Structures are given as C-alpha cells and as structure tokens.
A.B. asks: 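Dropping a structure here in structure tokens format, bear with me for questions.
Naming: A, B, ... by sequence-line order, numbering from 1 per chain. Owing to the predicted nature of the structure, the values given are computational and were not obtained by experimental measurement.
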Protein chains: 2
Amino acid sequence: MRFSKQRELIKNIVQGTNSHPTAYWIFNKAKKKISNISLGTVYRNLNKLNKDGIIDIFYDNNIARYDWNTVSHDHLKCNKCGKIIDVKMHTKELQKEVWKQYKFEADNFEITVSGICNNH
Amino acid sequence: MRFSKQRELIKNIVQGTNSHPTAYWIFNKAKKKISNISLGTVYRNLNKLNKDGIIDIFYDNNIARYDWNTVSHDHLKCNKCGKIIDVKMHTKELQKEVWKQYKFEADNFEITVSGICNNH
DNA sequence: ACTAATAATAGTAACCATTACTATTTAAAT
DNA sequence: ATTTAAATAGTAATGGTTACTATTATTAGT
Ligand SMILES: [Mn+2]
Ligand SMILES: [Mn+2]
Ligand SMILES: [Zn+2]
Ligand SMILES: [Zn+2]
C-alpha cells in the first residue's frame, strides 16, 4: 500500500477522537484540510485501514462507526446524550456459560449497553 | 389499529420461524399467500407490530432482522452456517460492574456472540 | 532527474435497504 | 347502505455505501 495524504489524514482524524465517528463526520472534518476530498475516498480508506487492522468498524443500529481502539472492547451508549463510552467487560463467565448450555464455541462478544451515563 | 389480512399474515410469518428473518425474506414468504403484497406494506407493518410490542427488531451488521421473541434476550451467531440462536445471558454481574466502574445506569444489554455452533 | 508502471484519487453513477407519497381500496362504526 | 378514515399497492425518494472511470500522484528502476 503506498502513501497518500488523504489516507494519512483520515487515519489521524479517527485516531484523534473518542467519539466513534461516522464516515460522514470524518468526511466533513477532512474537508477542512483537503477541501475537495471525496466521500468515496473516505469510505475506501476507512475500509482499507480496517482490513489492515489499523482501525475498527462497528454498527450502531444500521450505520457504521469507526474506532481507533482495535483491542476487543465494548460500548456503553447513553440514551440521553448519545455518548458512546469504551469499556472492557469480563466475558469469561459468559463464554463458559455459552459452552456449557449450548456447546457453542464463542470467539467474540459484542456487547452494547444502553442506559444513562454519569453526566445526568 | 384495525384488522388487515396483510398484517395478520406478516405477524404469522414472523411468529412462525426461529430464523430471525429479514424484511425481504418475509416479503417473499408473504407473496406466496398474497401475490401482490407490497414491500412497503411489509415494512410498515413490521414497524407497527414492533411499536405495539408484538415483535422485536434488531440489527445484524447493517440490516434489520425481526424476532417473534419479545422478551429481552441475546444471540449466538455461527460463523460457519450463519444460524442465529436465542439465548438468555446473565447480565446482573455486568450491570453491577458497569455501575461500579463507570457510574453508568444500564437498562439494556445487547449481546451478540459470534463463534461456532454445535453442528460443526 | 527521467521514465514507466500502477496505486490512489475526484467526481459521479449505481446499489440496496428503508421510508415517504398518493390515489385507491377496505374495515368497521353508525 | 352510507360514511369515515385506516390500510394498501405501486412508485418515487432517501440515506448510507460501493462501483466505475478518466485523471493524478507515488514509487521503483534506469
Ligand atoms: Mn470503542
Ligand atoms: Mn432472538
Ligand atoms: Zn449521557
Ligand atoms: Zn453453525
């Protein structure tokens, strides 16, 4: 993969926020630095960065959000302010439970907790 | 809400499968009984049934799936055969954990476990 | 430095799941 | 039976994402 300033910018934008941004948010941020950058370029590079393990993608209902944090973790989503907070849940117990009851070999847990955050 | 044979059919289709079908799958099934049923009618009624608490909606990556099972539960998704299995995870521990560590008042856990099911 | 090869881009069209619109049909209350 | 408005079929529009294509930019070899 060869260098491009567009990809470098997109990577830095994702790595510079904890807000789990959407592609469109990243696109608007990027336009401030490269005014004619294309939305297609944003999507293409987000997917490329994800395939190379540089960033993570997850879905919030039906839209993609991008995450600089590539180590397996979970999210708390506040119903009042929309904030998405990183957490690491202990899933060892759940893994055992699933194996015991269903003979299901779990290799990934995706947990989204909705509720009310500590700002309210 | 007044009766319609379309809505009745859609409800029965969702309640007659454990497969967590998509709207399009339901649409095709419905066409066998009402050949000129419209995809818009399927979506409209699925949303209406959901609002009335008759069925559940959840998102599998970026597409909606419908579920007859309206009591809070979780899903095991097999990476080999795609099957989605209903389970009830114990989230009381997680709830405590989230409150202790983040002062986050959890009211719903959405857990999707991916792995390999007992058919393989 | 110059050239050649080709990866990456901007701009635009296409795609797919879902929702919105509208004229017509239908359930059901009177 | 008549009336009223909810529901429908058919179609257009929307929003997020991917695909296409002519042009531009990076990089390896000379
Ligand atoms: Mn995160
Ligand atoms: Mn289910
Ligand atoms: Zn909040
Ligand atoms: Zn399986």
A.B. asks: Please work out if B/Leu39 contacts a base, only the sugar-phosphate, or nothing of the nucleic acid, heavy-atom cut-off 4.0 Å.
C.D. replies: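 If one applies the 4.0 Å heavy-atom cut-off, B/Leu39 turns out to touch a base.
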A.B. asks: Could you grab the distance from atom NZ of A/Lys77 to atom CZ of B/Phe104, nearest 0.5 Å is fine?
C.D. replies: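 A/Lys77 atom NZ to B/Phe104 atom CZ measures 10.5 Å (nearest 0.5 Å).
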A.B. asks: So what does A/Arg44 touch, heavy atoms closer than 4.0 Å: a base, only the sugar-phosphate, or nothing?
C.D. replies: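 Result for A/Arg44 = base.
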A.B. asks: Between A/Tyr43 and D/dT17, does any side-chain N or O lie under 4.0 Å from OP1 or OP2?
C.D. replies: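 Yes, A/Tyr43 has a side-chain N/O under 4.0 Å of OP1/OP2 on D/dT17.
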A.B. asks: Could you grab the distance from atom CG of B/Leu46 to atom CZ of B/Arg44, nearest 0.5 Å is fine?
C.D. replies: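 It is 10.5 Å, given to the nearest 0.5 Å.
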A.B. asks: Using a cut-off of strictly less than 4.0 Å, decide whether A/Asn45 has a side-chain nitrogen or oxygen near OP1 or OP2 of C/dA8.
C.D. replies: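 Result: no.
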A.B. asks: Could you tell me how the ring of B/His73 sits relative to the ring of B/His75: parallel (under 30°), tilted (30 to 60°) or perpendicular (over 60°)?
C.D. replies: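 Answer is perpendicular, since the angle exceeds 60°.
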A.B. asks: Check every atom of C/dG11, C/dA27, D/dA9 against the side chain of A/Asn36 and return the nucleotide holding the closest atom.
C.D. replies: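 In terms of side-chain proximity for A/Asn36, the closest of C/dG11, C/dA27, D/dA9 is C/dG11.
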A.B. asks: Consider the side chain of B/Met1, meaning its heavy atoms from C-beta on, and name the nucleotide among D/dA7, C/dA8, C/dA10 that approaches it most closely.
C.D. replies: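 Shortest atom-to-atom distance from the side chain points to D/dA7.
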A.B. asks: To the side chain of A/Gln6, which of C/dG11, D/dG10, C/dT9 is closest?
C.D. replies: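 Within the option list, the nearest is C/dT9.
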A.B. asks: Counting only side-chain nitrogens and oxygens, does A/Ser4 get under 4.0 Å of the OP1 or OP2 atom of C/dT9?
C.D. replies: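 Yes, because at least one side-chain N or O of A/Ser4 sits under 4.0 Å from OP1 or OP2 of C/dT9.
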A.B. asks: Which part of the nucleic acid, if any, lies within contact of B/Lys48, taking any heavy atom under 4.0 Å across all strands shown: a base, the sugar-phosphate backbone alone, or nothing?
C.D. replies: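 Here B/Lys48 touches the backbone only, sparing every base.
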A.B. asks: Between A/Thr41 and C/dA10, does any side-chain N or O lie under 4.0 Å from OP1 or OP2?
C.D. replies: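 Answer is yes, contact under 4.0 Å.
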A.B. asks: Using 4.0 Å as the upper bound for N to carboxylate O, is an ion pair formed by A/Asp56 and A/Arg65?
C.D. replies: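 No, no charged N to carboxylate O under 4.0 Å.
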A.B. asks: Between the side-chain atoms of A/Arg2 and the base atoms of C/dT6, is any donor-acceptor pair under 3.5 Å?
C.D. replies: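 Under the 3.5 Å cut-off, the side chain and the base do form a donor-acceptor pair.
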A.B. asks: In whole angstrom, give the distance that lies between atom CD1 of B/Ile37 and atom C1' of D/dA7.
C.D. replies: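 In whole Å, D/dA7 C1' lies 11 Å from B/Ile37 CD1.
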A.B. asks: Look at the side-chain N and O atoms of A/Asn62 and state whether any lies under 4.0 Å from the OP1 or OP2 oxygen of D/dG16.
C.D. replies: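 Checking D/dG16 against A/Asn62, no side-chain N or O comes under 4.0 Å of OP1 or OP2.
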A.B. asks: In whole Å, what is the span from the NZ atom of A/Lys5 to the P atom of D/dA25?
C.D. replies: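 Taking atom P of D/dA25 as the reference, NZ of A/Lys5 is at 7 Å.
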